[in-house]
Amino acid sequence: MLHLPSGYARTADRLADTYRQLGENCPVLSLTLVDHAPADGRQWIPADRIASSVERLIDGEATRIHSRHGITPRPHVAASRLLHHYLWTGSLVISGVWYLERRVPVLPARDLWIDADTGDFALRPGGWVLGDEATLRDTVAAHVGPVLAAFQPYVRRGPRALWGMATDDLVSGIQYLGRMLGEEDRAVAVATALVPAGTPPWTGPAAFRHEHGAWTRTRSGCCLYYAIDPANPCGTCPRRATAQHP
């Protein structure tokens, strides 16, 4: 859900309106638009300082997992879950605008914050530029690359596995947005064209397939949700014999 601070209308522009549309259509997106750095007393950490705050962020995720599921996750599990959450959200705030407008937001890392306690995000919109698939891939890669490097020692995976996670979350965010808009076929086609084979560091192809009347795919990088709730692994989990609709 997208939250707008009181008085935000004075700085609203077409990009902010697009983020509003994104938030209205993506109820699981917990994002607040701001026109300055958050100063509400919460533990907001800007994306350009994640490397120095990653342990604090992982502790917050472990606390949330314990609260929701009644278990204390192993550190690499909490780290993987938080990284998945960040990659999905951080990618969607860029790719969602591109999907809706075919424009790529200019999003410096210092303009996106994550709350260590809740996992919520805050965003200060800037400008945007017209861009094709390559522009979007490069923009998202520039944003998530440092995040992957910061998390790598904690998730205990190599670079290819990490970029597999990033690829999964980039294409699944677009698929989700399309589904919420009632145009999942189009979204799958867009995501497929966005991440073909041979576009490193992305580990394409997206490899969607149609099964039982629904679109699905098998993730190339596991988010480790099965380690929290073994009876209910993700529909696209590679541990399933046949991935299901997410």
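Residue indices begin at 1 and follow the sequence shown.
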Can you check side chain to side chain contact (heavy atoms under 4.5 Å, CB included) on Phe208 and Val171, steps first, answer last? CA-CA 10 Å; Phe208 284 96; Val171 300; 4.3 Å; yes
May I have the step-by-step check of side chain to side chain contact (heavy atoms under 4.5 Å, CB included) for Leu83 and Tyr154, ending in yes or no? CA-CA 10 Å; Leu83 178 58; Tyr154 301 92; over 6 Å; no
What is the minimum heavy-atom distance between [X] and [Y], and which atoms define it?
X      : Y      : value
Gly90  : Leu112 : CA-CD2, 4.5 Å
Leu92  : Gly173 : CD1-O, 3.6 Å
Val195 : Gly204 : CG1-CA, 3.7 Å
Pro153 : Ala150 : CD-O, 3.5 Å
Pro27  : Tyr176 : CD-OH, 3.1 Å
Pro105 : Ile94  : CD-O, 3.5 Å

So does [Y] get a backbone contact from the side chain of [X], meaning a donor-acceptor N/O pair under 3.5 Å?
X      : Y      : value
Tyr19  : Val93  : yes
Arg217 : Ala206 : yes
Asn25  : Gln21  : yes
Ser67  : Thr63  : no
Ser95  : Ile174 : no
Trp98  : Gly131 : yes
Asp120 : Ser30  : no

Within a radius of less than 6.0 Å around [atom1] of [X], do more than 12 heavy atoms belonging to other residues, nucleotides or ligands occur?
X      : atom1 : answer
Glu183 : CD    : yes
Arg102 : CZ    : yes
Arg186 : CZ    : yes

Any [X] side-chain heavy atom under 4.5 Å of [Y] side chain:
X      : Y      : value
His76  : Val155 : no
Asp111 : Val106 : no
Val28  : Trp88  : yes
Leu136 : Glu133 : no
Leu148 : Trp163 : yes

Between Tyr99 and Leu22, does a side chain to side chain contact (heavy atoms under 4.5 Å, CB included) hold up when you go through it step by step? CA-CA 10 Å; Tyr99 181 85; Leu22 183 64; over 6 Å; no
Enter the distance from [X]:[atom1] to [Y]:[atom2] here, rounded to the nearest 0.5 Å.
X      : Y      : atom1 : atom2 : answer
Ser53  : Trp44  : OG    : CH2   : 14.0 Å
Phe151 : Leu82  : CZ    : CG    : 4.0 Å
Glu24  : Leu181 : CD    : CG    : 11.0 Å
Glu184 : Leu177 : CD    : CG    : 11.0 Å
Leu31  : Ile114 : CG    : CD1   : 11.5 Å
Phe121 : Leu33  : CZ    : CG    : 13.5 Å

Is any NZ, NE, NH1 or NH2 atom of the basic residue among Arg20 and Asp17 found under 4.0 Å from an Asp or Glu carboxylate oxygen of the other?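 A salt bridge is present here (some side-chain N lies under 4.0 Å from a carboxylate O).
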Using distance only, find each side-chain donor-acceptor pair of residues 137-145 under 3.5 Å and give its atom names and separation, not counting sequence neighbours.
unit_1, atom_1, unit_2, atom_2, d
Arg137, NH1, Leu194, O, 2.8
Thr139, OG1, Thr135, O, 2.8
His143, NE2, Tyr86, OH, 2.8

In terms of side-chain heavy atoms, does Arg209 have a donor or acceptor partner in Thr218 at a distance below 3.5 Å?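 Result is yes, a qualifying pair exists.
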Without hydrogens or angle criteria, can the side chains of Arg103 and Thr18 be said to hold a donor-acceptor pair below 3.5 Å? no
Asp117: which of Arg56, Arg64, Arg42 passes salt bridge (Lys or Arg N to Asp or Glu O under 4.0 Å): Arg56
Cluster question for you: counting only ILVMFWY and a side-chain heavy-atom cut-off of under 4.5 Å, with indirect links fine, are Leu123 and Val129 together? yes
May I have the step-by-step check of side chain to side chain contact (heavy atoms under 4.5 Å, CB included) for Trp128 and Arg14, ending in yes or no? CA-CA 10 Å; Trp128 57 6; Arg14 186 175 169 187; 3.7 Å; yes
Among Asp169, Asp168, Thr89, which residue satisfies the side chain to side chain donor-acceptor pair (under 3.5 Å) criterion with His84? Asp169
Ser80 and side chain to side chain donor-acceptor pair (under 3.5 Å): which single residue from Glu61, Arg157, Arg156 fits? Arg157
